[in-house]
Amino acid sequence: MLQRISELAAPDRIILMENEVYRLPQTHRELQVLSGTAWITLDQQDIILQSQEKASLPPSKNFAVISALNNMPLILTVWQDKNPVRT
């Protein structure tokens, strides 16, 4: 479930090129792919998001790992909780 915008800090923009991997901080749980295709792994679960798709990641003790698919740059926006819940 997405949180209200007032509960989220200003978004960060991440750009990943082919063969790059990004470890998403645990406090960042909302994301939207602006361009490209994202492969997200969290708690041994894989999520594939296409351009303009959004996801809300569940709280976890682990970091989500993000990479670009299809040899195309990945541009995504991520939001950090203003008041993160510790797990």
Side-chain angles (χ1 to χ4, degrees):
M1 174 174 63
L2 290 177
Q3 295 175 331
R4 294 181 315 181
I5 297 298
S6 62
E7 297 174 4
L8 301 172
D12 295 320
R13 184 165 289 180
I14 299 168
I15 301 172
L16 296 175
M17 303 306 281
E18 182 179 2
N19 298 322
E20 290 184 323
V21 176
Y22 182 77
R23 187 173 79 169
L24 187 67
Q26 292 169 311
T27 56
H28 289 68
R29 291 290 157 210
E30 308 293 330
L31 53 94
Q32 179 178 10
V33 175
L34 301 177
S35 178
T37 303
W39 177 9
I40 304 160
T41 301
L42 177 64
D43 294 334
Q44 300 179 353
Q45 300 269 330
D46 291 327
I47 302 166
I48 306 295
L49 293 179
Q50 304 290 329
S51 183
Q52 304 308 311
E53 291 185 319
K54 299 178 184 179
S56 178
L57 302 177
S60 174
K61 293 180 182 178
N62 300 309
F63 293 91
V65 177
I66 303 172
S67 59
L69 288 179
N70 301 332
N71 299 323
M72 294 179 56
L74 170 64
I75 303 171
L76 57 109
T77 301
V78 296
W79 287 267
Q80 177 179 5
D81 289 339
K82 286 183 179 177
N83 301 308
V85 175
R86 304 269 183 221
T87 57

* List for me each residue that meets side-chain contact (heavy atoms from CB on, under 4.5 Å) alongside Glu18, sequence neighbours excluded, and say none if there are none. =>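 side-chain contact (heavy atoms from CB on, under 4.5 Å) list for Glu18, sorted by chain: Asn71.
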
* Residue list, side-chain contact (heavy atoms from CB on, under 4.5 Å) with Val21, at least two apart or on another chain ->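 Counting only residues at least two positions away or on another chain, Val21 forms a side-chain contact (heavy atoms from CB on, under 4.5 Å) with Val65, Ser67.
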
Can you tell me how far apart [atom1] ([X]) and [atom2] ([Y]) are? Round to the nearest 0.5 Å.
X     : Y     : atom1 : atom2 : result
Met72 : Leu16 : CE    : CG    : 13.0 Å
Gln32 : Ile75 : CD    : CD1   : 12.0 Å
Arg23 : His28 : CZ    : NE2   : 13.0 Å
Ile14 : Tyr22 : CD1   : OH    : 4.0 Å

Could you give the side-chain donor-acceptor pairs of residues 33-43 under 3.5 Å, partners two or more places apart or in another chain?
{"from": "Thr37", "atom 1": "OG1", "to": "Gln50", "atom 2": "OE1", "distance (Å)": "3.1"}
{"from": "Trp39", "atom 1": "NE1", "to": "Thr41", "atom 2": "OG1", "distance (Å)": "3.4"}
{"from": "Trp39", "atom 1": "NE1", "to": "Asp46", "atom 2": "OD1", "distance (Å)": "3.2"}
{"from": "Thr41", "atom 1": "OG1", "to": "Asp46", "atom 2": "OD1", "distance (Å)": "2.7"}
{"from": "Asp43", "atom 1": "OD1", "to": "Ser60", "atom 2": "OG", "distance (Å)": "2.9"}
{"from": "Asp43", "atom 1": "OD1", "to": "Asn62", "atom 2": "ND2", "distance (Å)": "2.5"}
{"from": "Asp43", "atom 1": "OD2", "to": "Ser60", "atom 2": "OG", "distance (Å)": "2.9"}

Are any non-hydrogen side-chain atoms of [X] and [Y] less than 4.5 angstrom apart?
X     : Y     : answer
Leu69 : Leu74 : no
Arg13 : Leu76 : no
Gln26 : Phe63 : yes

* Is the CD atom of Gln45 crowded by more than 12 outside heavy atoms at less than 6.0 Å? ->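 Check fails, neighbour count at 12 or below.
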
* Just by modelled atom types, is the Val78 backbone N or O under 3.5 Å from a matching donor or acceptor in the Glu30 side chain? ->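 It does not hold such a pair.
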
